[in-house]
Visitor: 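Take this structure first; my questions come after.
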Amino acid sequence: MIKWLGWFSLAGFSGLGIWIFGYTPIESSQGFSQKIMYLHVPVIMMAYLASFLVVLGSVGYLWKREMMFDRLAKSSAELAMLFFAMALVSGSIWGKPTWGTYWTWDARLTTTLLAFLIYVGYVTLRSFAHPGEKQARLAAVIGIIAFLDIPLIHVSVQWWRTLHQPTTLLKTVGGEAKPAADPVLLYPLFASFLLMAVFFAYLLLLRLRVEAGEEELAEQLARQ
Amino acid sequence: MFSKKPNGAMSKKIQYMIAAGAVLAIIGGVLYQGLQTTVYYQTPGEVIAAPENFRNKTIRIGALVQPDSVTWNPDAVRLSFRVTEDSQASIPVVYDGVKPDMFKEGQGVVVEGRLGADGVFVAQEVLVKHSEEYRVEEAKKGQRDKTYQSLMK
């Protein structure tokens, strides 16, 4: 079943590529480079989702003390690290042709880099501690605190002066939702959201299975 | 979640939580203040109002490129223009470098450099600050222009 999610996202992204490069019109002000949006935005959404799942797993573990929740937190944190890295790299590649630079220390970019470093720290710390109840408990606390940066990333473009533009999708005019993009440019983005979510589910389920297998193996080795 | 613990342990836990909360509040406050005071860019109005505050240090100015103010000298590779926020007061900018792709009159820019004694801002970097709007030209909406056509044009 997990395998099919992988095949589905592979086929889906191939189709999406044809849609984006063959049938989606060129955006007026940025031209060709706007197409990076179809990777960059869904990737950062999945990074947020992964961070949220870390909290879910962490709270669940502290509450129920079941390793299942810890496995969710651990696997999601690795995915958060991966997707934040992808968001930073794709953003960098997009920044060069549009802004004229790969990197600048504005609030949006800095808080995003901070999130990436937090999850690198989380994963590194876990690798230092002995597996078991204590590691899971400490990781759960860090996993919850780590999430504080996520809303900060989102509001950074409203609270502070940044080079990064404010939100397009969640733009409101006079309290009314008004996405600031032509629908013809948005449809492939929504498709990309769906496909990225399937791809995310594929990676997460795969990672959870590996983690469960590793635990089982460790138990069997301990018994011998 | 504390129900199985004796009362003493519970109050200890609450103490820890209060301490952790206080630390987090401080970190959050410092981060907020830090990001607030180290402003990413100044506006032309702020610089014009108190230029002495911005001399002899590298600053950024975020503004719009004033229409009809751009001169591009390809031989000297020198770009000069004025930046403004309200089309009233403006600051002259010179930049020895290549014009960024999206640079045009009326475009949002962030220029990084130093304010000279003569009031001219010498930019080391010119960044384009584009809007959150993504549009397709009316004429192109109906036709499905292929990417390779845009690259070949």
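Below, all heavy atoms of this structure are taken into account, side chains as well, without hydrogens, waters or symmetry copies. Sequence lines set the chain letters: A, B, ... in the order given, protein chains first and strands last, and positions in each chain run from 1.
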Visitor: Hey, could you give me the CD/OG distance between B:E137 and A:S29, rounded to the nearest 0.5 Å?
Guide: 9.5 Å
Visitor: Need one label for A:S156: side chain, backbone, both or neither, based on atoms under 4.5 Å from any heavy atom in chain B.
Guide: neither
Visitor: More than 12 heavy atoms of other residues, nucleotides or ligands under 6.0 Å from CD of A:E176: is that the case?
Guide: no
Visitor: Under a 4.5 Å heavy-atom cutoff, which of A:A181, A:A180, A:S33 has the most pairs with chain B?
Guide: A:A180
Visitor: Is there any residue in residues 140-148 of chain A with a non-hydrogen atom under 4.5 Å from a non-hydrogen atom of chain B, and which ones are they?
Guide: A:I145, A:L148
Visitor: Quick one: which residues of residues 46-75 of chain B reach chain A at under 4.5 angstrom, heavy atoms only?
Guide: B:E46, B:R60
Visitor: B:V98 versus chain A, heavy atoms under 4.5 Å apart: side chain, backbone, both or neither?
Guide: neither
Visitor: Using non-hydrogen atoms and a 4.5 Å limit, figure out which bit of A:E27 sits close to chain B: side chain, backbone, both or neither.
Guide: both
Visitor: Judged by atom type as modelled, is there a donor-acceptor pair below 3.5 Å linking the side chain of A:R161 to the main-chain atoms of B:Y40?
Guide: no
Visitor: Side chain from CB out, backbone as N, CA, C, O: work out which of these in A:L163 comes under 4.5 Å of a heavy atom of chain B, or both, or neither.
Guide: both
Visitor: Give, as side chain, backbone, both or neither, the part of B:E125 having an atom under 4.5 angstrom from any heavy atom of chain A.
Guide: side chain
Visitor: So does A:F193 have more than 12 non-hydrogen atoms from other groups sitting under 6.0 Å from CZ?
Guide: yes
Visitor: Looking at NZ of B:K129 and OG1 of A:T162, how far apart are the two atoms once the value is rounded to the nearest 0.5 Å?
Guide: 4.5 Å
Visitor: How far does NE2 of B:H130 sit from CH2 of A:W99, to the nearest 0.5 angstrom?
Guide: 6.5 Å
Visitor: Less than 4.5 Å to any heavy atom of chain B: does that hold for the side chain of A:K171, its backbone, both, or neither?
Guide: side chain
Visitor: Enter the distance from B:R135:CZ to A:D182:CG here, rounded to the nearest 0.5 Å.
Guide: 5.0 Å
Visitor: When rounded to the nearest 0.5 angstrom, what distance separates OH in B:Y134 from CE in A:M37?
Guide: 4.0 Å
Visitor: A side-chain contact here means heavy atoms from C-beta on lying under 4.5 Å apart; do B:L127 and A:T104 qualify?
Guide: yes
Visitor: Counting heavy-atom pairs under 4.5 Å with chain B, which one of A:K64, A:Q165, A:H164 comes out on top?
Guide: A:Q165
Visitor: Working note: A:L185 + B:V136, criterion side-chain contact (heavy atoms from CB on, under 4.5 Å); need CA distance, chi angles, decisive distance, verdict.
Guide: CA-CA 8 Å; A:L185 297 173; B:V136 177; 3.6 Å; yes
